[in-house]
Colleague: 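Dropping a structure here in structure tokens format, bear with me for questions.
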Amino acid sequence: MENKDNRLVQKILTLKEKRGAIILAHNYQLGEVQDIADFVGDSLELSQKAARTNAEVIVFCGVHFMAETASILSPDKTVLLPDINAGCPMANMITAEQLRRRKGELPGAAVVCYVNSTAEVKAESEICCTSANALKVVESVDSDEILFVPDQYLGHYVSTKTDKKMILWPGFCPTHIRIKPQDITRLRLEYPQAKVVVHPECKLEVIALADEVLSTSGMCRFAQTTDAKEIIVGTEIGIIHRLRKENPHKRFIAVSEQAVCPNMKLITLEKILWSLDDMTPQVKVPEEICLKAKTAVDRMLEIGRSQ
Ligand code: SF4
């Protein structure tokens, strides 16, 4: 690391201590951001951390819905999102009003919402899920008809594993749909010994070519336990940093260098420092929405505890 970055990191760590803060980073964050975090993980792990921490301040290095989830679970804490413009286009593909309307058309369906959704949408849902627990959550719901929002691809993947009737909202991740089946076919020829892991936000034709369909935390576990020495990775490329760091003797090949989430990359070391200095931008979910959304998130976490 260059001296400039060293100084920046030192300033962040000093200020973090002074503020009584914890830094949480998603697996898709820039490598240098992951390196200064107290904890790096996927949405489910980060929400569990946010719920359990004693820190007064949570610096959330991820996107807006993740910071909202931290605020929902820890309403008395200050949640900082170092760049307030770090949103998730998929989460913004459904509004609470649109969901209320669809619910009206499907009175018998239970709403399961992917955690990649706004707090207002969570507040309209029965239960949340992440890509790591989506199937378990769907199976746990006391209804045979599920309205799954907003990711059609995760929803479709789950529908292939359950007998429940799944009605899918037509949302998608603009980053994961950049991963193409021909990329996998080409890399399989180039690395014939490699295993292929992809995220369930990928398109169906990509999922069909994978050896494993895993959440980002699932990919990290798989990398450590598989005998394979080469792994082709079909998700946002930020995770490659963590995989290489944790498995220095294995080779990780990104399926597509285009699988970059520009929103995740908005968080930089400089912005983390400014954020801790100014104690802005803060993310706070209004109390009425927070209470309803918390019920949906708590139900999901409860399933995690009973696993
Ligand atoms: S990778 Fe996709 S789902 Fe994740 S934050 Fe970016 S746009 Fe949203």
Side-chain angles (χ1 to χ4, degrees), residues 24-31 33-34 37 40-47 50 60-71 79 81-95 112-122 125 128-134 148-158 168-180 183 197-204 206-207 213-220 233-243 254-268 271 281 283 300:
L24 304 180
H26 191 269
N27 288 320
Y28 297 159
Q29 288 289 293
L30 292 169
V33 171
Q34 294 186 30
V40 181
D42 67 6
S43 305
L44 178 61
E45 293 169 328
L46 293 171
S47 49
F60 212 107
C61 303
V63 292
H64 194 267
F65 75 81
M66 297 178 178
E68 272 189 340
T69 308
S71 166
V79 178
L81 179 63
D83 188 325
I84 202 66
N85 296 313
C88 169
M90 182 209 282
N92 295 332
M93 286 178 188
I94 182 168
T95 64
V112 175
C113 81
Y114 190 22
V115 75
N116 297 32
S117 51
T118 62
E120 288 185 342
V121 164
K122 289 184 177 75
S125 303
C128 277
C129 72
T130 68
S131 56
N133 63 17
F148 191 90
V149 301
D151 186 16
Q152 61 180 300
Y153 294 111
L154 175 61
H156 185 277
Y157 177 66
V158 172
L168 310 178
W169 190 263
F172 60 90
C173 165
T175 298
H176 282 86
I177 64 158
R178 289 184 177 275
I179 296 172
K180 303 275 188 288
D183 295 328
V197 296
V198 306
H199 194 277
E201 285 173 22
C202 289
K203 285 184 160 183
L204 315 179
V206 169
I207 286 179
V213 182
L214 297 167
S215 65
T216 55
S217 58
M219 288 183 189
C220 293
V233 183
T235 190
E236 210 277 348
I237 60 169
I239 197 173
I240 301 281
H241 174 81
R242 177 171 170 191
L243 290 170
V255 171
S256 170
E257 293 298 334
Q258 287 186 38
V260 177
C261 176
N263 288 282
M264 285 281 180
K265 303 317 187 218
L266 286 176
I267 311 293
T268 60
K271 288 179 192 167
V283 173
M300 169 183 80

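First listed ligand is number 1; within each ligand, the first listed atom is number 1.
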Colleague: Considering only heavy atoms from C-beta outward, does the side chain of T69 approach that of F60 to under 4.5 Å?
Modeller: no
Colleague: Check which protein N, O or S atoms are less than 2.8 Å from atom 2 (Fe) of ligand 1 and report how many there are.
Modeller: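 With waters ignored, the protein N/O/S count below 2.8 Å is 1.
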Colleague: Kindly compute the distance separating CG (L168) from OH (Y153), expressed to the nearest 0.5 Å.
Modeller: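 L168 atom CG to Y153 atom OH measures 10.5 Å (nearest 0.5 Å).
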Colleague: Only one of N263, T235, T216 forms a side-chain hydrogen bond (donor to acceptor under 3.5 Å, both in side chains) with Y28, so which one is it?
Modeller: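 Of all the options given, the one that passes is T235.
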Colleague: Among all residues two or more places apart in sequence or in another chain, which pass the side chain to side chain contact (heavy atoms under 4.5 Å, CB included) test with I84?
Modeller: H64, L81, P281, V283
Colleague: Please report the interatomic distance OH(Y114) to CE(M300), rounded to the nearest 0.5 Å.
Modeller: 11.0 Å
Colleague: Is the side chain of K271 donor-acceptor paired with the backbone N or O of L266 at a distance under 3.5 Å, no angle test?
Modeller: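 Checking the backbone N and O of L266 against the side chain of K271, a donor-acceptor pair under 3.5 Å is found.
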